[in-house]
2 protein chains.
Amino acid sequence: MSSETRPARGATRDDVAKLAGVSSAVVSYVVNNGPRPVADATRVKVLDAIDKLGYRPNAAARSLITGRSDLVGLIVPDVRNPYFAALAQAVEVEARAEGVNLVLAQSLAGQLLPLVESLSGHLVAGVITAAVPEPEAIATLSRNRITMVRLSLVPPDVDATSILPDYYAGARDAVKHLIEVHGHKRIALVAGSDTPDRPAVVIDSRQRGWEDAMNSAGLPTDAVVRVNWSSAGGWKAAGLLLSDHPDCTAVFTMSDQQAIGMIAGLTGAGRRIPDDVAITSFDGSPEAEFTIPPLTTSSVPMKAMAKAAVEQLLKGRTETRLFEPGLIVRRSCGCH
Amino acid sequence: MSSETRPARGATRDDVAKLAGVSSAVVSYVVNNGPRPVADATRVKVLDAIDKLGYRPNAAARSLITGRSDLVGLIVPDVRNPYFAALAQAVEVEARAEGVNLVLAQSLAGQLLPLVESLSGHLVAGVITAAVPEPEAIATLSRNRITMVRLSLVPPDVDATSILPDYYAGARDAVKHLIEVHGHKRIALVAGSDTPDRPAVVIDSRQRGWEDAMNSAGLPTDAVVRVNWSSAGGWKAAGLLLSDHPDCTAVFTMSDQQAIGMIAGLTGAGRRIPDDVAITSFDGSPEAEFTIPPLTTSSVPMKAMAKAAVEQLLKGRTETRLFEPGLIVRRSCGCH
DNA sequence: CTGAAAGCGCTTACAG
DNA sequence: CTGAAAGCGCTTACAG
């Protein structure tokens with residue numbers, strides 16, 4: 001199944017029991033704070049022995065008997081993408097706070113099934129995914145009764161536990177800002193796609209947010225550019241915008257990475273931001289503060305979402321929850 | 001020790017054995033391709049049964065008996081930092097190629113000891129760290145006979161297995177480029193530090209590379225700015241450069257994140273890059289392509305390093321290896 | 001080539 | 001409050 005290395009045996013529970021002069025069951029009671037009470041004097045002896053021996057419970061033995069582990073799988077497309085890096089960082093922090101170790105798996109444009117199979121063998125307490133799982137992967141998880149939580153994954157399947165930002169409201173409010181505060185009438189949408197050539201399988205709620213904001217103001221929604229969710233995609237979108245929709249005075253990009261590439265592309269083409277083209281984005285990533293000009297963006301409450309995801313997993317809840325982004329206003333939209 | 005959820009029991013080896021009409025030992029032989037040979041006809045029966053039952057070996061039971069697991073710990077300060085994200089991505093890919101699952105742990109300016117203790121309990125095959133471990137953490141690992149590989153960690157302790165870029169040569173060559181190709185005479189160093197207020201505990205080899213390049217050319221090495229390894233640090237460095245070393249015509253930054261912040265800071269202050277201040281950096285991160293202007297940077301061969309780190313861990317080797325960065329020339333240094 | 005059996009380090013009824 | 005004992009699902013000598 002895998003390449004592995006040297007054994008790493010340390011003191012066992014029996015060693016501790018012997019040194020403390022108690023039975024090994026008592027050591028368990030102390031280590032786990034139950035399920036039987038232990039006299040204080042006994043507890044002290046055991047704790048001393050544990051300390052003296054540097055004893056760590058063997059997670060494998062514990063897993064074997066309890067049928068679960070303190071492992072949770074996290075699946076992201078690619079941690080190099082700053083959005084997923086932020087997501088992974090937040091989930092790791094929340095998981096650790098709950099005593100859970102995070103197994104990182106990247107789908108990198110591949111199938112999730114092998115990842116999920118590998119994770120199942122570890123009796124993971126559950127899987128948090130920010131990548132789209134194919135039906136086979138979902139089936140494997142459910143066969144092994146492993147909980148799956150979708151984090152920031154659009155769109156949620158029906159019945160699936162999802163923790164996600166309110167993409168719709170965030171996008172709508174950002175576009176409204178461009179319309180109502182800055183008076184723009186021609187605002188393009190830079191949509192994200194993993195397969196830019198083909199139309200999206202489902203409409204991203206951010207697109208609906210943009211459309212509704214435009215429609216409410218009686219503005220046209222014909223200027224749509226669909227590119228990868230990356231800086232390179234945004235760069236490409238800059239070119240498409242200038243050639244296909246030269247009359248647009250503003251843009252809403254679905255991700256900060258796209259906005260970063262777009263700024264580079266537009267600036268390289270001699271356009272000034274926000275004077276020639278105003279930009280508002282979505283994500284709220286830290287690097288949005290250091291673009292030139294600094295980027296106005298809808299900030300996703302990642303920490304709260306990560307916490308909710310870990311909680312759902314551990315508590316076994318299955319409700320879907322929406323988190324409101326907040327617009328961080330900087331110079332790229334024309335403010336200041 | 002931790003919050004955990006529902007059991008996830010599936011078919012066991014005995015179920016497979018029963019269905020295939022063989023002993024459970026034979027199932028092991030098939031699953032593990034050894035250590036005993038199995039007749040082809042028998043193997044087929046077993047494989048069929050495995051398939052039919054959706055059987056996955058229980059990693060906990062296997063770990064318990066073999067004393068090791070297919071888990072490897074990866075410790076980074078913070079995955080949100082694009083450099084560590086790139087590192088984590090590369091290590092995850094190489095680990096998975098070897099059938100190994102990566103447990104992500106972030107030190108986030110805290111101690112490594114609790115992370116290491118948590119990992120030890122899982123009989124991890126080893127730990128790869130890009131964060132500085134304190135002596136207690138090192139002791140815990142060695143007590144549990146867990147191999148530690150330091151990846152891109154400066155400076156390596158004596159005797160520790162380290163996989164790192166040739167910081168010295170990379171920095172020296174980058175600075176030489178500024179001197180020899182572009183004729184700069186006053187080149188500042190933006191050094192990194194986790195504690196900018198205090199002097200660095202050890203001299204980063206990148207600093208020595210800068211110094212030696214300057215010294216060889218008979219140039220002064222008094223312009224040093226020490227800031228955090230972040231965009232925010234680079235932004236701050238821009239201010240310090242303009243106030244403390246206004247005569248510098250070029251800068252070598254130790255990390256791309258710092259360069260990104262520095263570009264934003266200098267541009268915000270009305271300086272043109274590379275005309276007023278030329279910049280060369282270190283890392284080779286993807287976003288360096290989308291700064292304005294695009295950033296010249298020494299590219300670290302992360303994939304090769306990650307592969308070497310995983311290999312060292314699994315093979316139990318302990319040599320230290322250096323990897324040569326390559327200078328990616330873009331516009332920030334004055335080229336093109 | 002195949003199988004019966006011991007044992008990895010734990011947890012948890014159960015009995016005291 | 002404490003302990004003896006069964007058993008989680010595997011691997012691997014050992015015997016056949």
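So you know, we letter chains A, B, ... as the sequences are listed, proteins then strands, and number each from 1.
- Between the OH atom in Y167(A) and the CG atom in L322(A) there is a gap of 10.0 Å [rounded to 0.5 Å].
- Remark: the separation of the C1' atoms in dT12(C) and dG16(C) is 16 Å, to the nearest Å.
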What would the secondary structure line of DNA chain D be in dot-bracket form, counting Watson-Crick and G-U wobble pairs under 3.5 Å, with [ ] for pairs that cross earlier ones and | for pairs with another strand? |||.||||||||.|||
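- Judged by distance alone, the side chains of T12(B) and Y55(B) never bring a donor and an acceptor atom under 3.5 Å apart.
- Under the 4.5 Å side-chain criterion, counting only non-hydrogen atoms from C-beta, E98(B) is in contact with L314(B).
- One interatomic measurement links the two molecules: CG of L53(B) to C1' of dG9(D), which rounds to 15 Å at whole-angstrom precision.
- The closest side-chain donor-acceptor pair between N101(B) and S118(A) falls under 3.5 angstrom.
- No hydrogens or angles considered: nothing links the side chains of Y29(A) and T42(A) as a donor-acceptor pair under 3.5 Å.
- The number of heavy atoms from other shown groups lying within 6.0 Å of NZ (K45(A)) is above 12.
- Residue N58(B) contributes atom CG, which lies 7 Å from atom C1' of dC10(D) at whole-angstrom precision.
- Atom CG of L64(B) is separated from atom C1' of dT12(D) by 14 Å (rounded to the nearest Å).
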One pair to check against side-chain contact (heavy atoms from CB on, under 4.5 Å): T320(A) and T161(A). What are the steps and the verdict? CA-CA 5 Å; T320(A) 285; T161(A) 303; 5.6 Å; no
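- Rounded to an integer number of Å, the gap from Y55(A) OH to dG9(C) P is 10 Å.
- Taking atom CD1 of residue I50(A) and atom P of nucleotide dG9(C), one finds them 16 Å apart after rounding to whole Å.
- dG9(C) atom P lies 8 Å from atom CG of D15(A), rounded to whole Å.
- With no hydrogens or angles considered, no side-chain donor-acceptor pair links N58(A) and H122(B) at under 3.5 Å.
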Where do N or O atoms of nucleotides 2-6 of chain D meet protein N or O atoms at under 3.5 Å, pair by pair?
| residue | atom | partner | partner atom | Å |
| --- | --- | --- | --- | --- |
| dT2(D) | OP1 | T42(A) | OG1 | 2.3 |
| dT2(D) | OP2 | A39(A) | N | 2.9 |
| dT2(D) | OP2 | T42(A) | OG1 | 3.4 |
| dG3(D) | OP2 | S23(A) | N | 2.8 |
| dG3(D) | OP2 | S23(A) | OG | 3.4 |
| dG3(D) | O6 | Y29(A) | OH | 2.8 |

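- To the nearest angstrom, P of dC8(D) lies 16 Å from CZ of R68(A).
- Taking CZ from R143(A) and CD1 from I138(A), the interatomic distance works out to 13.0 Å, rounded to the nearest 0.5 Å.
- R62(B) has its CZ atom 8 Å from the C1' atom of dC10(D), to the nearest Å.
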